[in-house]
Protein chains: 2
Amino acid sequence: MARRNEERRAALLDAAIEVLAAEGARGLTFRAVDQRAAVPAGTASNYFANRDELLTQAGGRVYERLGPGEAVLAAGFDGPRDRARLTELMHDLVARVTAFPTGFLALLELRLESTRRPELREVLTARIRADLEGNLAYHESAGLPGDRSTVLLLYLALNWLVLEQLTLPELLPDQQRHGLVTTLVERLLDAGPQA
Amino acid sequence: MARRNEERRAALLDAAIEVLAAEGARGLTFRAVDQRAAVPAGTASNYFANRDELLTQAGGRVYERLGPGEAVLAAGFDGPRDRARLTELMHDLVARVTAFPTGFLALLELRLESTRRPELREVLTARIRADLEGNLAYHESAGLPGDRSTVLLLYLALNWLVLEQLTLPELLPDQQRHGLVTTLVERLLDAGPQA
DNA sequence: AAGTTAGCACTACACCCGGAGTGGTATCAA
DNA sequence: TTGATACCACTCCGGGTGTAGTGCTAACTT
């Protein structure tokens with residue numbers, strides 16, 4: 001008996017993200033989602049046929065909510081196209097992702113879970129690839145300095161930087177993290193464009 | 001009733017690492033460890049007072065097993081100290097970590113679990129800091145090119161590169177990953193030393 | 001405007017799975 | 001013989017699933 005209230009469904013998925021971040025992939029149960037969403041027990045059961053569906057749709061939901069950030073970036077088409085601008089954008093990016101910590105953590109949990117669920121891995125791969133391609137396309141069309149490798153290397157390093165901050169915040173002081181972003185852009189660019 | 005057979009204890013911790021990687025932090029139960037280690041049910045209960053102990057000791061065990069890799073690196077004190085050498089070392093590093101995938105994944109699970117367990121976070125922070133400091137010290141004493149920031153940025157980017165390979169291998173083709181390592185070292189060094 | 005119906009929120013129940021912890025027994029070594 | 005440890009079995013407990021059943025509400029019909 002599938003329920004069709006989209007608003008409620010979205011609320012359940014948001015709750016699922018919170019649960020993923022707070023309890024881990026294994027802790028994502030229908031009951032836990034019900035509880036987190038403050039709806040009566042059994043509700044999530046009625047909206048999702050099984051755990052797999054809940055998992056994959058939760059992954060999609062994270063990107064739905066992270067998406068608007070891209071729109072914000074798109075508003076940054078004006079302004080200079082130099083290194084300072086890119087540095088600023090990267091600082092903003094890190095801040096934006098960090099501001100939705102449960103989303104980032106949920107995505108990580110899903111990555112680990114996808115080790116065991118080929119179907120989930122496919123969905124995640126497709127989504128993250130689309131995101132990456134989007135970033136590459138944006139970077140190029142915005143005329144920002146740096147080539148494809150620049151963007152990819154930024155992606156790698158910044159992701160782990162955020163991971164570091166969210167999981168072991170005491171390892172690198174805030175100030176050092178900030179400096180690393182600046183230095184990273186600097187070095188990737190100075191040597192980059194001619195490659 | 002604590003048992004003291006160190007060999008058996010190590011075998012149980014190795015099993016715990018496998019379980020962490022395969023089932024997630026939440027899947028790490030005494031029974032699962034028993035089963036994976038092929039010992040009778042209840043054995044892990046006798047060796048570890050509670051789950052926390054099992055968790056933290058498993059984290060330590062990963063580094064015990066990853067440690068020898070550092071020793072191998074130490075054997076690399078001879079040879080040139082140029083960019084090509086560093087590139088080679090980084091390729092080796094990635095290969096070495098990738099060769100022990102369950103260790104890497106277990107560590108990731110522990111990071112996520114440490115979000116909920118302050119005690120575990122402290123232990124992990126200390127260990128990873130020691131590892132990082134070790135890398136920094138090695139890099140400097142070996143006279144390899146690049147400064148502190150170089151090492152830190154390598155750490156960030158390469159970690160996520162490995163994560164990418166282990167969780168969503170279809171996202172980046174092997175060849176591209178390989179090229180990224182080379183490019184990363186290249187760009188970090190060309191702009192680096194004067195900073 | 002009243003009656004009818006369809007869908008959904010909510011509740012309760014029956015079933016099942018899996019893990020914790022512990023006490024007892026067998027086995028081996030000093 | 002005695003002490004320690006490996007091994008096994010048993011009981012208790014918690015939590016999750018899926019579904020059947022009940023009432024409410026809102027929209028549609030005539």
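Below, chain A is the first sequence line, B the second, and so on; all start at residue 1.
When rounded to the nearest whole Å, the span between CG of B/Asn50 and P of C/dA20 equals 11 Å. In this structure, B/Arg9 places its CZ atom 15 Å from C1' of D/dA6, rounding to the nearest Å. Atom CG in B/Leu54 sits roughly 14 Å away from atom C1' in C/dG19 (whole-Å rounding). B/Glu7 has its CD atom 14 Å from the C1' atom of D/dA6, to the nearest Å. Distance, B/Asp34 CG to C/dA20 P: 9 Å, rounded to whole Å.
Overall bending of the helix from C/dA1-D/dT30 to C/dA30-D/dT1, expressed as the angle between end axes built from five pairs apiece, is 10° (10° steps).
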Which donor-acceptor pairs under 3.5 Å do the side chains of residues 154-161 of chain B make with protein atoms, sequence neighbours left out?
| unit_1 | atom_1 | unit_2 | atom_2 | d |
| --- | --- | --- | --- | --- |
| B/Tyr155 | OH | A/Glu164 | OE1 | 2.9 |
| B/Tyr155 | OH | B/Arg111 | NH2 | 3.3 |
| B/Asn159 | ND2 | B/Tyr155 | O | 3.1 |
| B/Trp160 | NE1 | B/Glu164 | OE1 | 2.9 |

Less than 3.5 Å apart, which donor and acceptor atoms pair up between the side chains of residues 15-23 of chain B and the rest of the protein, not counting sequence neighbours?
| unit_1 | atom_1 | unit_2 | atom_2 | d |
| --- | --- | --- | --- | --- |
| B/Glu18 | OE2 | B/Thr102 | OG1 | 3.2 |
| B/Glu23 | OE1 | A/Arg26 | NH1 | 3.0 |

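Looking at residues two or more places apart in sequence or on another chain, you find a side chain to side chain contact (heavy atoms under 4.5 Å, CB included) between A/Glu133 and A/Arg129, A/Leu136, A/Arg148. B/Glu140 pairs by the salt bridge (Lys or Arg N to Asp or Glu O under 4.0 Å) definition with nothing, not counting sequence neighbours. Residues satisfying the side chain to side chain contact (heavy atoms under 4.5 Å, CB included) criterion with B/Arg8, sequence neighbours excluded, are B/Asn5, B/Val39, B/Pro40, B/Thr43, B/Tyr47.
Contact between the side-chain N/O atoms of B/Asn5 and the OP1/OP2 oxygens of D/dA6 is found at a separation under 4.0 Å. In terms of phosphate contacts, A/Tyr47 brings no side-chain nitrogen or oxygen within less than 4.0 Å of OP1 or OP2 of C/dC8. The phosphate of C/dC8 has neither OP1 nor OP2 within less than 4.0 Å of any side-chain N or O from A/Arg8.
The pair B/Asp190-B/Arg187 does not count as a salt bridge, with every side-chain nitrogen at least 4.0 angstrom from each carboxylate oxygen.
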With 3.5 Å as the limit, what N/O pairs link the protein to nucleotides 11-17 of chain D?
| unit_1 | atom_1 | unit_2 | atom_2 | d |
| --- | --- | --- | --- | --- |
| D/dT17 | OP1 | A/Phe30 | N | 3.3 |
| D/dT17 | OP2 | A/Phe30 | N | 3.2 |
| D/dT17 | OP2 | A/Arg31 | N | 3.4 |
| D/dT17 | O4 | A/Arg31 | NH2 | 3.1 |

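Both B/Val185 and A/Leu180 sit in one connected hydrophobic cluster of ILVMFWY residues. Membership requires side-chain heavy atoms under 4.5 Å apart, directly or through other members.
Sorted by first and then second residue, the salt bridge (Lys or Arg N to Asp or Glu O under 4.0 Å) pairs involving residues 150-160 of chain A (not counting sequence neighbours) form an empty list. Among residues at least two apart or in separate chains, salt bridge (Lys or Arg N to Asp or Glu O under 4.0 Å) pairs with a member in residues 40-60 of chain A are A/Asp52-A/Arg117.
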